[in-house]
Engineer: 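Have a look at this one.
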Amino acid sequence: MNRVEKKTSRAERKARRPDEILEAAFGEFAAQGYAATRVEDVAARLGITKGTIYFYFPTKEVLFQETFRHASTSYADPSTAIGSLRGSTADRIRALLLISYESTANDRKTGDLLRLSLVEGTRFPEAVDCYHGRFITPTLAALAALIEQGVKSGEFCQHAAPHAPDVLASSIFQVAVWRLMFADRTPFDGKALLEAHIDLVMSGLMQRSERRC
């Protein structure tokens, strides 16, 4: 019985090893950047040999690419929250943006992913594509779906709707970039900035009897 338990335990550790390596690698890449990160430093975090990492990830380039993809999977698609939102379409858009804000601009891990995609994007354009596909595209799609509902219900002006998803989502990523660049120099209230941006865009979207929509 003990022999079977030991075999199972080793198998489980082996199955977990790739994810453990990717988590350790993310810590190194986020702290040091791609060029300064050494595979042996990743191995040292786990107390394993460099050869063990190369067994799963044959090059540092592959390790970075897989690390970026792995770290991105923790982000929840905001469209899954639409069904649980309540109130007017404008209320639901505001709530959706605040959810996206907390999980992107106000989250350290996604902030590290954004910084890596900005700094390493020339070397790894697939990281930029991954970030856009994982964080930006779902947010735009969720906003577009809600805005379409608002137009159909007469809550929003049709002429203002086409670019509204991009304008609304841009505030989240503006806050994220500002936080990366300026937070240590000029602290600011990211949530308040987002709220002000939402109010401005909503005023342009809302139907007005005197406005030709």
Side-chain angles (χ1 to χ4, degrees), residues 23 26-33 67-68 71-121 127-151 155-157 160-208 211:
E23 288 292 335
F26 183 76
E28 288 295 322
F29 287 128
Q32 307 295 335
T67 295
F68 198 97
S72 299
T73 59
S74 62
Y75 178 69
D77 185 337
S79 65
T80 61
I82 290 180
S84 63
L85 303 179
R86 297 292 180 266
S88 66
T89 310
D91 291 336
R92 286 182 287 151
I93 287 174
R94 183 181 298 274
L96 180 72
L97 286 166
L98 290 173
I99 290 171
S100 296
Y101 165 79
E102 291 297 336
S103 59
T104 52
N106 205 35
D107 181 81
R108 180 176 178 177
K109 190 171 189 178
T110 51
D112 287 338
L113 284 168
L114 176 59
R115 186 174 66 254
L116 285 172
S117 68
L118 291 171
V119 174
E120 310 295 350
V128 178
D129 294 338
C130 179
Y131 186 91
H132 193 281
R134 193 70 189 178
F135 297 97
I136 297 178
T137 300
T139 300
L140 291 176
L143 288 170
L146 285 173
I147 290 168
E148 183 179 359
Q149 292 176 23
V151 170
E155 190 175 345
F156 297 155
C157 291
H163 300 294
D166 300 89
V167 176
L168 285 164
S170 68
S171 60
I172 299 172
F173 300 102
Q174 178 190 4
V175 170
V177 172
W178 278 22
R179 180 161 287 138
L180 286 175
M181 297 180 66
F182 307 122
D184 294 338
R185 294 173 174 82
T186 308
F188 65 96
D189 189 336
K191 188 174 181 181
L193 181 62
L194 176 66
E195 290 272 13
H197 187 93
I198 293 171
D199 288 339
L200 286 171
V201 179
M202 284 295 117
S203 68
L205 271 173
M206 299 293 286
Q207 285 273 26
R208 297 288 186 271
R211 179 181 296 163

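Throughout, residue positions are numbered sequentially from 1 according to the sequence presented.
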Engineer: Between Tyr131 (side chain only) and Leu113 (backbone N and O only), is there a donor and an acceptor less than 3.5 Å apart?
Structural biologist: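 Between the backbone of Leu113 and the side chain of Tyr131 there is no qualifying donor-acceptor contact (under 3.5 Å).
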Engineer: Return yes if some donor-acceptor pair links the side-chain N/O of Glu155 with the main-chain N/O of Ser88 below 3.5 Å, else return no.
Structural biologist: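 Not at all, since once roles are kept as given, no pair shorter than 3.5 Å links the two residues.
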Engineer: CG/Leu116 to CZ/Phe26 distance, rounded to the nearest 0.5 angstrom?
Structural biologist: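 Nearest 0.5 Å value for the CG-CZ distance: 6.0 Å.
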Engineer: For residues Val151 and Cys157, report the shortest heavy-atom separation together with the two atoms involved.
Structural biologist: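 Of all heavy-atom pairs spanning Val151 and Cys157, the closest is CG2-O, 4.2 Å.
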Engineer: Hey, does Phe135 have a side-chain heavy atom less than 4.5 Å from the side chain of Ile172?
Structural biologist: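 They are not in contact (no side-chain heavy atoms under 4.5 Å apart), so the answer is no.
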Engineer: If every non-hydrogen atom of Gly204 is compared with every non-hydrogen atom of Ala160, which pair is closest and at what distance?
Structural biologist: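 Closest pair (atom of Gly204, atom of Ala160, distance): O-CB, 3.5 Å.
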Engineer: Which heavy atom in Leu168 sits nearest to a heavy atom in Ile198, and how many Å separate them?
Structural biologist: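 Heavy atoms of Leu168 and Ile198 come nearest at CD2-CA, 4.5 Å.
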Engineer: State, yes or no, whether a side-chain contact exists between Ile93 and Met202 at a heavy-atom distance under 4.5 Å.
Structural biologist: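 Yes; the side chains approach each other to less than 4.5 Å.
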Engineer: Return the minimal non-hydrogen interatomic distance between Thr73 and Arg134, and the atom names on each side.
Structural biologist: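 Closest approach of Thr73 to Arg134, heavy atoms only: O-NH2, 3.2 Å.
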Engineer: Any idea which heavy atoms bring Val175 and Phe188 closest together, and the distance?
Structural biologist: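 Closest approach of Val175 to Phe188, heavy atoms only: O-CZ, 3.9 Å.
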Engineer: Using a strict threshold of under 4.0 Å (side-chain N to carboxylate O), is an ion pair present between Arg115 and Asp112?
Structural biologist: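 Salt bridge: yes.
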Engineer: Donor-acceptor pair, distance only, cut-off 3.5 Å: does the side chain of Thr104 make one with the backbone of Thr110?
Structural biologist: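 Answer holds: no.
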Engineer: Within this structure, what is the CZ-CD distance for the pair Arg92 and Gln149, rounded to the nearest 0.5 Å?
Structural biologist: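 Going from the CZ atom of Arg92 to the CD atom of Gln149 covers 4.5 Å.
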Engineer: Looking at OG of Ser72 and NZ of Lys109, how far apart are the two atoms once the value is rounded to the nearest 0.5 Å?
Structural biologist: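 One finds 8.5 Å between OG of Ser72 and NZ of Lys109.
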